[in-house]
Amino acid sequence: MGELAADKHVKYILAVEKRKDNFESAVLEHLRMNGAYWGLTTLDLLGKLDAVDSNEIIEWILKCQHESGGFAGNVGHDPHILYTLSAIQVLALFDKLNVLDVDKVSTYIAGLQNEDGSFSGDIWGEVDTRFSYIAICGLSILKCLDKINVERAVNYIISCRNVDGGFGCTPGGESHAGQIFCCVAALAITGALHYVDKDLLGWWLCERQVKSGGLNGRPEKLPDVCYSWWVLSSLTMIDRVHWISKEKLIKFILNCQDTENGGISDRPDDAVDIFHTYFGVAGLSLLEYPGVKAVDPAYALPVDVVDRIFFSK
Ligand SMILES: COc1ccc(S(=O)(=O)N2Cc3cc(C#N)ccc3N(Cc3cncn3C)C[C@H]2Cc2ccccc2)cc1
Ligand SMILES: [Zn+2]
């Protein structure tokens, strides 16, 4: 409980990064590119990104690039939009976007847009508003949003808005905090937040806070640290954070730490993992917890990294 055991979490992440083969378990080996983004962004938010060998990581990232321009979750795996964004985000962390063939990567992402403005995750065609966010976020970081039909992309996202003010995976899909983050962040990046009913959605989001102070993803569900990101970043983007208790949420996240071995779990006394460690620290960042760098709620990158992308030469 108490306070953030930052040094323990840094040690935990470095230990997971070191175990080159996979992180946590073989299950997640195919997600290693995501794991790199979760671990390295946490290190940067805690001011310790210089604890890793960026050249070794960048070399590995480029080995995961497919001839199509997309990135896979690990060397030799199939490319997917999910891993392509993580690769772009990690290179942005290291200020190494210049190692990319931007035209090739942006063409891969733009090629996944469908006639109705939606995006597929890969060549198998699954459509989900998650992929709309990933495409818009990735192309925005590469300054290539002009390669897609932004108006159609926004229209598709709006077509997934529900009467409760939330958003689902596809039109008519049930509102879920993960999808709400993706749709609100995509609208924020494309300057289309005026399509969101901030009071209606703010109400649905603030109702996610349960007695323990934690946030859940849907009504009646258990609280989970990763919703500290999905719900809180959405509340931040629509300027309704004051509708929840920040103090109680901070206590919930700190209560999910393993202060002995480092790492943060989804809820108190569960096993820690790199995913919840990241979303816990990123949540604390949005709650302006001392000692944690500011994170951008839409790009899910440290603010200084986003500033460097858009305001440097
Ligand atoms: C431990 O069982 C699992 C179950 C699923 C997955 S997963 O499909 O690969 N994935 C990524 C993920 C990674 C880790 C870690 N390390 C842990 C969990 C977790 N979940 C599951 C989860 C989180 N909160 C509650 N639940 C049940 C999200 C999921 C989907 C997702 C992928 C990428 C980006 C955002 C979300 C991995 C492990
Ligand atoms: Zn979770």
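Given the structure is predicted, the values throughout are model-derived calculations rather than measurements. In this chain, residues are counted from 1 in sequence order. Read the numbers this way: they start at 1 and go in the same order the structure lists the ligands and their atoms.
Against a heavy-atom cut-off of under 4.0 Å, Cys226 is close to the following atoms of ligand 1: 24 (N). Contact atoms of ligand 1 toward Leu31: 9 (O) (distance under 4.0 Å to a heavy atom of the residue). Listed by number with element, the atoms of ligand 1 under 4.0 Å from a non-hydrogen atom of His276 are 23 (C), 24 (N).
Near the Zn ion (ligand 2), less than 2.8 Å away, sit the protein N, O or S atoms Asp224 OD1, Asp224 OD2, Cys226 SG, His276 NE2.
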After noting the C-alpha distance and the side-chain angles of Glu29 and Asn74, does the key distance pass the side chain to side chain donor-acceptor pair (under 3.5 Å) rule?
CA-CA 7 Å; Glu29 198 248 339; Asn74 211 330; 2.9 Å; yes
Chi angles and distances behind the side chain to side chain donor-acceptor pair (under 3.5 Å) call for Thr107, Lys147:
CA-CA 8 Å; Thr107 301; Lys147 281 204 167 176; 3.0 Å; yes
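Judged by distance alone, the side chains of His276 and Asp273 do bring a donor and an acceptor atom under 3.5 Å apart.
The residue among Phe275, Tyr278, Tyr227, Trp229 with a heavy atom at the shortest distance from atom 31 (C) of ligand 1 is Phe275.
Side-chain contact between Pro79 and Asp122 is absent, with no heavy atoms from C-beta onward closer than 4.5 Å. Annotation: side chain of Leu82 is in contact with side chain of Asn34 (closest heavy-atom distance under 4.5 Å).
Between Tyr156 and Phe119, the ring center distance fails the sub-6.0 Å criterion.
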Side-chain donor-acceptor contacts of residues 179-195 below 3.5 Å, not counting sequence neighbours, with atom names and distances?
| from | atom 1 | to | atom 2 | distance (Å) |
| --- | --- | --- | --- | --- |
| Gln179 | NE2 | Asp128 | OD1 | 3.1 |
| Thr190 | OG1 | Ala186 | O | 2.8 |
| Thr190 | OG1 | Leu187 | O | 3.2 |

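Considering backbone and side-chain atoms alike, Asp224 places an N or O below 3.5 Å from some N or O of ligand 1. Residue Trp38 has no N or O atom closer than 3.5 Å to an N or O atom of ligand 1.
Cation-pi geometry between Arg32 and Trp60 is met: the NZ or CZ atom falls under 6.0 Å from the ring centre, inside 45° of the normal.
Checking Leu4, Leu14, Thr42 one by one against His9, the side chain to side chain contact (heavy atoms under 4.5 Å, CB included) holds for a single residue, Leu4.
The closest approach between any non-hydrogen atom of Ile274 and ligand 1 is below 4.0 Å.
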